[in-house]
Amino acid sequence: MSDRCFACHNSATTREHVPPLCLFPETKDTEGGRNLRQNLITVPACADHNLAKSTDDEYFRWVVSTNLTANCVGTWQAHTKVARAHGRRPALGQAILEGAKDVTVVDSRTGSEYPTAETPLDSARVTRVLDLVALGIYRHHFDESWSGTVRVHPDFIVDIGPEWTTDVDVKRIVLFEAADRLFAPETKRGDNPDVFWYQVHESRMPDQCLMRLAFYSGCTATALFSRSG
Ligand SMILES: [Zn+2]
């Protein structure tokens, strides 16, 4: 079992960092020279599930490190590593910022207003990374690969489509608060919690498992593992 890829169950040829290594700042990119790469989690992976997603990783890092809910470690990472990466490959930054517009976000819970930029989001890429992180963490936590389906619901992305109404936002907050309550008693795991932590909620049903993933403290997502059909 240990030499099978965490994502596709083919033979593993390498080990992959979960979440991606690029999320964890190097010491030179931290305020006060902190070591935020302690006991990083790795899982067995095939070549396809290691190298193939490297550009998705950078995109994902951009999404979470520049997100409003990210903590100062994430913001710092955005100002150092992410800024350098875009300097080297301006096309990536341009692709991301194309179509960005200035907006004011109102936190429905506190009423606080934040000026920010709304950028078009490639949610398929974000979903691909989140799915792999969830599967990798499952492999790490339970020491076995998940063979059912997984769906990850990020709290840190708001899809403001033409059909967007306040109702959608209210529903999102209700789900977010339900997840908060459900996971409240569960241990937060991971040795670099300012960058990433996760919680596991083992369902009474053997075919289900829930996980909460958090990037830069504030960017949380809920993963639902189910074995249906
Ligand atoms: Zn694989």
Side-chain angles (χ1 to χ4, degrees), residues 1-26 36-65 77 81-82 85 89 91-92 95-96 121-157 188-193 195-203 205-216 219-229:
M1 196 68 198
S2 63
D3 56 354
R4 294 278 146 191
C5 172
F6 74 99
C8 69
H9 307 187
N10 286 333
S11 291
T13 53
T14 181
R15 291 188 76 86
E16 163 72 358
H17 283 93
V18 189
L21 178 63
C22 72
L23 292 183
F24 296 85
E26 294 171 62
L36 293 172
R37 291 187 165 192
Q38 302 189 68
N39 303 317
L40 298 181
I41 297 169
T42 62
V43 293
C46 73
D48 279 353
H49 288 110
N50 193 23
L51 299 172
K53 65 190 192 74
S54 58
T55 57
D56 284 351
D57 289 5
E58 280 197 26
Y59 183 78
F60 183 77
R61 176 179 63 186
W62 173 79
V63 170
V64 288
S65 70
Q77 180 78 330
K81 193 77 180 200
V82 175
R89 294 197 294 129
L92 176 64
I96 288 168
L121 184 85
D122 185 346
S123 46
R125 287 180 95 176
V126 173
T127 302
R128 265 201 306 275
V129 174
L130 283 172
D131 286 357
L132 287 174
V133 170
L135 288 171
I137 292 298
Y138 188 95
R139 171 68 181 76
H140 165 76
H141 186 81
F142 294 104
D143 200 27
E144 65 176 25
S145 296
W146 177 254
S147 53
T149 58
V150 60
R151 282 197 63 125
V152 185
H153 304 273
D155 301 312
F156 53 92
I157 292 168
K188 288 182 182 176
R189 300 167 193 276
D191 288 341
N192 309 279
V195 180
F196 174 76
W197 54 255
Y198 72 92
Q199 292 168 301
V200 177
H201 178 80
E202 287 191 63
S203 164
M205 288 176 281
D207 285 351
Q208 270 194 7
C209 173
L210 283 167
M211 265 188 208
R212 197 159 210 219
L213 312 169
F215 306 89
Y216 303 128
C219 302
T220 53
T222 307
L224 171 64
F225 299 81
S226 57
R227 254 191 276 260
S228 51

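Order of listing sets the numbers, starting from 1, for every ligand and every atom in it. Please read all numbers here as calculations on a predicted model, not as lab measurements.
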(request) For side-chain contact (heavy atoms from CB on, under 4.5 Å), just list the numbers for V129 and V133, CA-CA rounded to whole Å, side-chain angles, deciding distance to a tenth of an Å, and then say yes or no. (result) CA-CA 6 Å; V129 174; V133 170; 4.1 Å; yes

(request) Determine the sole option in W197, F196, W62 for which the ring-ring contact (aromatic ring centres under 6.0 Å, His included) test with F215 is passed. (result) F196

(request) Check the Zn ion (ligand 1) and write out every protein N, O or S atom at under 2.8 Å, as residue and atom. (result) C5 SG, C8 SG, C46 SG, H49 ND1

(request) Measure across S226 and Q208 and return the closest heavy-atom pair with its distance rounded to 0.1 Å. (result) CB-CG, 4.2 Å

(request) Return the set of residues passing side-chain contact (heavy atoms from CB on, under 4.5 Å) with R151 (not counting sequence neighbours), or none when no residue passes. (result) H153

(request) Return the minimal non-hydrogen interatomic distance between G148 and R227, and the atom names on each side. (result) CA-CG, 3.9 Å

(request) Tell me whether the centres of the aromatic rings in H141 and Y198 are closer together than 6.0 Å. (result) yes

